[in-house]
Amino acid sequence: MAPGELKLSENNVTTNVNDRSQHGMWSSRLFFVLAAVGSAVGLGNIWKFPYMMGEQGGGAFFLIYLFCIALIGFPVMAAEIMIGREGRMSPVNSVLKLARESNRSKNWAFMGWTGVFGGILILSFYAVVAGWIMFYIWRLFSGEFNGADAADVEFKWKTFVGNPWSVFAWFTAFMAVTIFFVARGVNKGLELAIRICMPLLFVLLIVMLVYGLTQGGLMDAVRFMFDFDFSKMKWDTPVAAMGHAFFTLSIGMGAIMAYGAYMPREGSVKSAVGIIVVIDTLVAILAGLALFSIVFALKLDPAVGTSLLFKTAPVAFGNLPLGALFGGLFFLFVGFAAFTSAISLTEPAIAYFVERFNTNRVVVALVIGVATWLLGILSVLSSNVLGEFTLFLNWTFMDFFDKFTTYLVLPIVGLVISIFVGWFVPWERVRKALDLSSTVAWIVWIVCIRFVAPLAILTVFFFTIYVEVILPLLPNQQ
Ligand code: PHE
């Protein structure tokens, strides 16, 4: 190793020898899985997945998303957890350590850096949406939507997001709570919150689904999601579906890698990945079916975009016995799910800066919190003052942060991760770290990480470039 190539403090070295991270460890392997599920299940499943599918016309998006989860999500998530657990440090330094031990260039750490900034970019708009959710917790509990129809609900939505101050206040409240917990360390508060929230989230999603069933819209929802009609595809459907597979699994920016660094050695990576992916996908499908049942029962437009959740769920709960109670609880648990994801978005950056400056976690959390909060103001204003201000493709700032990270950052980092682990880390080490003793499982995994995942990501990118750039340039095209 060149002198100074990897800035390891004495402390880092000792913690490595002991196979513990300096930032703390999950108290058991179960808590790793719960924390990772907490990171994966969030607004991506309940807010983003339904609205994206609605915008993209349903089935084709859903099918590509499922393919990406299976072919890219599984291997890349396993690779991320493995890098984290081998490195026991922030993503930047874990990648550096693995690159150094594999005699590879330190430039691979670039992917860790992208994660540091990707996390901040994502959190800047994620926390705005989480702020909307916080307000809706209160709104539903207060009974404001009792007996409301779709038009009332829409009106109330527009009035709320049209006022920058209220959106700003709720966004700030969410950021403050997140940074408060992050600063204290993720162990205790986070582990407890996850344990209580996750089962309740499931119960409440099922309540929504049952409501959807009784409204008679479920079959239309099923048809919408499972009708794999590729003629409805838009130019960005494949890249949106692939990007969303990354977003929803929290992969491609180091969140799961950072969590992997705190995973005890005894836990099996492959069963953890299986559980996380299955639960995450199940929650998305349940949320999709529940919301689209309501959409079709009430003859609403599935393609309204980011406001879909806020225009459908309140109508459902507003007309359900005890709807104020259940609706408030539903939004409360969406809020918790968002919270357990938001914390993981900051972890790569926080862990890195704590290591880099050998400083206190509270200071780092505050600095990152303030930076994210300032950036988030652009997203706060995107639904009101700056609503008409679009960058390109009609994207507001919020759309831009969302789409730039989902379409580009996460898949590109995912591509780099799969190439690094597939081709540049000695395979004996990878096999041992993943504990893939069965030859069949090993072959499947290595084929996926070396060929299937990178080729799938590249294919989607090339398809998008082809449709967007090359096709319009060809003669005889309208
Ligand atoms: N997976 C989270 C969700 O679905 C969002 C997230 C993305 C969290 C990337 C961490 C990293 O809401």
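Every number for a ligand or one of its atoms is a count from 1 in the order of the listing. Keep in mind it's a predicted model, so treat the numbers as computed, not measured.
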Distance under 6.0 Å and angle within 45° of the ring axis: does Arg29 meet both against Phe32? no
Considering Tyr126, Phe247, Tyr259 one by one, which has a heavy atom nearer to atom 1 (N) of ligand 1 than any of the others? Phe247
Measure the distance from atom 8 (C) of ligand 1 to every protein heavy atom, then report the residue, atom name and distance (to 0.1 Å) of the closest one. Ser250 OG, 3.3 Å
Short side-chain donor-acceptor distance under 3.5 Å, Gln56 and Tyr65: no
Going by atom types only, do Asp435 and Ser268 share a side-chain donor-acceptor pair under 3.5 Å? no
Indicate yes or no: does an N/O atom of Gly44 lie under 3.5 Å from an N/O atom of ligand 1? yes
Below 30° counts as parallel, above 60° as perpendicular, anything between as tilted: where do the rings of Phe339 and Phe181 land? perpendicular
Side-chain contact, heavy-atom cut-off 4.5 Å: Ile285 with Phe62? yes
Look at atom 2 (C) of ligand 1 and find which of Ser39, Gly252, Ala338, Ala36 reaches it with the closest heavy atom. Ser39
Heavy-atom nearest option to atom 3 (C) of ligand 1, drawn from Ala40, Ala130, Gly118: Ala40
By number and element, which atoms of ligand 1 are closer than 4.0 Å to a non-hydrogen atom of Leu345? 8 (C), 9 (C), 10 (C), 11 (C)
Taking every non-hydrogen atom, the tightest pair across Arg85 and Val269: NH2-CG2, 3.5 Å
Close approach of Trp47 to ligand 1, heavy atoms, under 4.0 angstrom: no
Check ligand 1 against Thr248 and write out every atom of the ligand that is under 4.0 Å from a heavy-atom position of the residue. 1 (N), 4 (O)
With ring-ring contact (aromatic ring centres under 6.0 Å, His included) as the criterion, how do Trp423 and Phe451 come out once you've worked through the C-alpha distance, each side chain's angles and the decisive distance to 0.1 Å? CA-CA 10 Å; Trp423 297 92; Phe451 302 103; 5.5 Å; yes
Answer yes or no: does an N/O atom from Ile122 fall short of 3.5 Å to an N/O atom of ligand 1? no
In ligand 1, the atoms that come under 4.0 Å of a heavy atom of Leu43 are 12 (O)
One residue to check: Lys48. Relative to ligand 1, which of side chain, backbone, both or neither has a non-hydrogen atom less than 4.0 Å away? neither
Using a 4.0 Å cutoff against the non-hydrogen atoms of Ser344, which atoms of ligand 1 qualify? 8 (C), 10 (C)
Which value, rounded to the nearest 0.5 Å, describes the distance between Ile72 atom CD1 and Ile449 atom CD1? 10.0 Å
